[in-house]
Protein chains: 2
Amino acid sequence: MREGPDIARIASLVGDPARANMLTALMGGTALTASELALEAGVSLPTASSHLSKLMEGGLLTVASQGRHRYYGLAGPQVAGMIEAITGVAAAVGPQRVRPGPRDAAMRVARVCYDHLAGEQAVAMLDRLVARQVLIRDDKEIRLGPSAVSHFAAIGIDVESKARRPVCRACLDWSVRRSHLAGTLGAAILDKILLEKWARREKDSRAVVFSPLGKQAFERVFLA
Amino acid sequence: MREGPDIARIASLVGDPARANMLTALMGGTALTASELALEAGVSLPTASSHLSKLMEGGLLTVASQGRHRYYGLAGPQVAGMIEAITGVAAAVGPQRVRPGPRDAAMRVARVCYDHLAGEQAVAMLDRLVARQVLIRDDKEIRLGPSAVSHFAAIGIDVESKARRPVCRACLDWSVRRSHLAGTLGAAILDKILLEKWARREKDSRAVVFSPLGKQAFERVFLA
DNA sequence: AGGATGCTTCGATGATGGACGAACTATGCG
DNA sequence: CGCATAGTTCGTCCATCATCGAAGCATCCT
């Protein structure tokens, strides 16, 4: 018999299909209402509500009440990382992945991971930023290089961090198996991409699709 | 409704207390027999056997038959990483962590993670190896530096890789939140440490305790 | 105020799956 | 060959928990 962190409790929370669907939906990064999550999970509203309170109690979710809406979101990057890790194992282990399918292809290229960009594009971007020494990775820690502030300011991104959350963080990409940029900077870059309409989010999916011109712009700015 | 990698299936496998205990026990890295795992999980042999076959079917475990013994082990580093990620969330979320306790302190300093060393010591070691350019980390990928082969040969470690498994891999440390060295090299270093008796494994725990002289030797070789 | 919408709580139902004892198979030992 | 040990399979019992309809709060709109 052993004890310690109650891993079974956390895992069993993710272990229910309805809850797993909800968490996966929240990996998109946008907070969702109880009704939306019920739809997403394919259960009735009361059932969803019950699941949500369990996830809350387990500390996996945060909620923000706005009027009569309650927006549920993942409790933090650590939770998002856990979901990615589980997804990675499930994808590796599952023999059910017969045809990759177009949606999956798009997902591999670029997708939203919690609040930042993931996929091949994101991995390439981090590689390039490190190669140009805009960012410096020491260990797994990623730091800002000397030129970072001016570099990002020129693009219109403010890298000053007020939040307690780190500016840069490495996040393992389950499709490419290498890391991409997370943290407030990662989130700001994704904001920028969507704001400039270089890419749009695929409906009901985490996939992010670049327009031809948007792709050029993105590559000019981040992969040059 | 969504589909994709069946994350609920995997998570629910980990979500049962008995199975979670088994998996946690296997994080020690040594393969265990069904009876040992039954004891570890606190269930009867038939029950354990049933759990083990489920874990096998889920692809989380591998088994090696030797005579009338069947040694069960984690299916791979990816699975070990997932368990670490879940453990991290459980530790962060669990309010039950009242007193850190001596065992936990020892765990933070040095512990076994699947088949390599984790904890503060392990993180410090990787930092130092990278700083000395024995190892080079590009992205999350860690490569051997030019001097690596001779450097490790001098200590008596052969870095040639025959296995399909990578020689170097970064593994996120849930206590320190930075990565340490995994892969065949990480495993070889742990072997070396235990073989030279610089440290011993705490009974019934993943903690690794260095002797005073062993600590000196380890620091001379890896942190110089 | 009154009505509509979003969400939660309650209560009853049903199914999944975890538990163990007993019987069965397989390997090793003398 | 027979006995002991390691492990699996089978059958049954039992508890947990997911599910939904109906009713109860809370908030917004007019």
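In this text, all values refer to a predicted model and were calculated from it rather than measured experimentally. By convention in this document, chain letters (A, B, ...) are assigned in the order of the sequence lines, proteins followed by strands, and residues within each chain are numbered from 1. Computed from heavy atoms alone, side chains included, the values below leave out hydrogens, waters and symmetry copies.
Comparing C/dA19, C/dT9, D/dT9 against the side chain of B/V43 picks out C/dA19 as the nearest. Of the listed nucleotides (C/dC20, C/dT8, D/dC20), C/dC20 has the atom at the smallest distance from the side chain of B/P46. Comparing C/dC20, C/dG6, C/dT8 against the side chain of B/S44 picks out C/dC20 as the nearest. Side chain of A/A18, nearest nucleotide from D/dT19, C/dT8, C/dC20: D/dT19. Considering only the side chain of B/S49, D/dT8 comes nearest among C/dG6, D/dT8, C/dT8.
Applying a 4.0 Å cut-off to non-hydrogen atoms, the residues of residues 50-60 of chain B that approach DNA chain C are B/H51, B/K54, listed by residue number.
Distance, A/R9 CZ to D/dT16 P: 16 Å, rounded to whole Å. Separating the CG atom of A/D16 from the P atom of C/dG17 is a distance of 11 Å, rounded to the nearest angstrom. Rounded to an integer number of Å, the gap from CG of B/L39 to P of C/dC20 is 13 Å. B/L45 places its CG atom 15 Å from the C1' atom of D/dA4, with the value rounded to the nearest Å. Between the P atom of C/dG6 and the OH atom of A/Y71 lies a distance of 10 Å, rounded to the nearest Å. Nucleotide D/dT8 holds its C1' atom 16 Å from the CG atom of B/L61, rounded to whole Å. Rounded to an integer number of Å, the gap from CG of B/L13 to P of C/dT16 is 17 Å.
Taking the six-membered ring where tryptophan is involved, the planes of A/F218 and A/F210 are tilted, since the angle between them lies from 30° to 60°.
At most 12 heavy atoms of other shown residues, nucleotides or ligands fall within 6.0 angstrom of atom NZ in A/K215.
Taking every heavy atom of both residues into account, B/A187 and B/H116 meet most closely at N-CB, 4.0 Å. Closest of all the heavy-atom pairs between B/A118 and B/C113 is CB-CB, 3.7 Å.
Listed for the B/R19 side chain is no donor-acceptor partner under 3.5 Å among the backbone atoms of A/A8. Distance alone, capped at 3.5 Å, places no donor-acceptor pair between the A/R201 side chain and the A/V112 backbone.
A/T47 has no side-chain polar atom (N or O) that falls below the 4.0 Å cut-off from OP1 or OP2 of D/dT19. The side chain of B/Y72 places no N or O atom within less than 4.0 Å of a non-bridging phosphate oxygen (OP1 or OP2) of D/dA6. Contact annotation: A/R70 does not reach the phosphate of D/dT27 (side-chain N/O to OP1 or OP2, under 4.0 Å).
Taking CD1 from B/I7 and OG from B/S12, the interatomic distance works out to 10.5 Å, rounded to the nearest 0.5 Å.
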